[in-house]
Amino acid sequence: MSDFLWGVSTSAFQIEGAFDTGGRGPSVWDEFTPVHENQNASVACDHYHRWREDVALMTQLGVNAYRFSIAWPRIQPSGKGPVNAEGLDFYDRLVDALVDVGIAPVVTLYHWDTPLQLEAEGGWLGRDIADRFADYTALVADRLADRVKLWIPINEPAMVTLQGYAIGEHAPGKTLLFDALPTAHHLNLAHGRAVEVLRSHNAQAVGTANNHTPAWPVGPDDVAAAEAYSEIHNWIYADPMLSGRYPDAVADLLPIADGDLATIHQPLDFYGVNYYNPTRLKAPSEGNPLPFELAEIDEYERTGFGWPIVPAGLTEMITTLRERHPDLPPVHVTESGCSFPDGLHDADRIAYLDGHLKAAQAADVSGYFVWSLLDNFEWESGYSQRFGLVQVDFETQVRTPRDSFHWYRKVISGE
């Protein structure tokens with residue numbers, strides 16, 4: 001497995017801090033207030049100033065790939081117009097440092113931090129944002145394409161649509177339910193436009209990172225509910241990317257223009273799966289406007305977030321993807337991880353990662369990226385959830401590797 005990618009993942013908004021430094025503009029998450037204990041990410045892990053320390057940690061860990069995201073508001077403070085040179089210089093230095101120590105840079109261009117001005121102009125509900133995203137991609141690719149190993153245009157578009165626009169748990173906090181579906185198409189279109197731009201800049205490899213969940217019906221009468229959920233969580237993104245079509249049940253609900261599906265259906269060099277848990281569904285109860293209803297999965301142990309721990313669901317999901325899309329490119333598990341209560345002796349995390357890594361290898365994947373290198377700002381949960389292989393004291397910014405860090409180092413080295 002000499003070419004296997006052993007990695008860790010982070011995202012810009014969750015670790016960088018430095019909101020008002022280096023010409024960065026505001027993002028939708030800067031303004032999102034329904035967060036645990038009114039916490040915010042203005043400092044987070046202070047990675048913007050401490051990135052050298054974090055690269056040293058990754059060198060100690062022994063990973064050969066680091067997946068991180070670029071903050072769109074650092075590159076274009078308003079989401080459009082000329083590049084903010086200071087912001088791009090920051091990522092240029094980070095990429096150089098990674099290459100110098102033999103860690104492959106894996107760049108995500110968008111991990112949910114939409115420039116605030118673009119959201120004010122309609123955000124992902126408007127078609128124009130796909131053009132703005134292509135412009136932004138060109139600015140980044142022009143500087144970094146010669147050194148970045150893998151490119152991921154958009155992280156987890158399902159979560160942007162479902163949590164950001166449909167039910168309002170994430171920024172921008174809209175509760176549009178099925179009226180949020182146009183955002184799915186515009187996210188897919190932006191993905192396709194970005195792939196075209198990256199190819200024109202001779203990118204080494206381009207893929208995606210979609211959040212996937214097996215949809216389990218409670219019983220025989222709930223199969224339709226599970227299928228409906230899977231279509232808007234899994235297949236509304238995977239199908240057009242991989243086969244140039246939408247599921248029939250949702251196609252008529254999307255603002256598809258001539259040529260859009262061809263743009264979205266770009267050849268991919270790899271397919272990224274972000275997996276955390278399955279989802280169980282039942283037929284909707286009276287008064288529910290949705291064609292499904294969530295049901296508990298209570299026969300498994302849970303993470304600190306309350307998510308059921310089901311490693312076999314990862315193998316199931318990748319198997320299902322390959323059955324549905326026989327030409328699926330090589331698969332990387334681009335996120336896999338868990339939150340547990342704070343502490344350095346995290347046997348629960350080791351067990352979780354060991355089970356999921358074995359499940360990933362059973363599915364013959366080409367890379368595995370642990371979420372996450374560091375404890376970070378966990379979106380609407382603030383700092384209440386700890387996902388890191390490295391503990392972060394958010395008062396002092398002291399980083400301390402957990403037992404899981406040393407376990408993963410031994411797995412990577414083959415000890």
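These numbers were taken from a predicted model, which means no experiment stands behind them.
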Taking [Y]'s backbone N and O only, do any of them form a donor-acceptor pair with [X]'s side chain (distance below 3.5 Å, no angle check)?
X    : Y    : answer
T213 : T279 : yes
R402 : G343 : yes
W112 : N155 : yes
H233 : Y229 : no

(Q) Check D239 with R324, please: is the shortest side-chain N to carboxylate O separation under 4.0 Å? (A) yes
Q. Is the closest basic N to carboxylate O distance between R24 and D30 below 4.0 Å?
A. yes
Q. Hey, do the aromatic rings of F369 and W371 have their centres closer than 6.0 Å?
A.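 They do not qualify: ring centres at least 6.0 Å apart.
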Q.
List the residues meeting ring-ring contact (aromatic ring centres under 6.0 Å, His included) with H332, not counting sequence neighbours, and say none if there are none.
A.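 Partners of H332 under the ring-ring contact (aromatic ring centres under 6.0 Å, His included) test: F270.
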Sequence neighbours left out, cut at 3.5 Å: what donor-acceptor pairs do the side chains of residues 94-101 make with other protein atoms?
residue	atom	partner	partner atom	Å
D96	OD1	R147	NH1	2.7

Q) Any idea how F13 and W29 line up, ring-wise: parallel (<30°), tilted (30 to 60°), or perpendicular (>60°)? A)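 Ring orientation of F13 relative to W29: tilted.
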Q | Closest non-hydrogen atom pair between L242 and P329, with its separation | A | CD2-CD, 4.1 Å
Q) CH2/W72 to OG/S78 distance, rounded to the nearest 0.5 angstrom? A) 10.0 Å
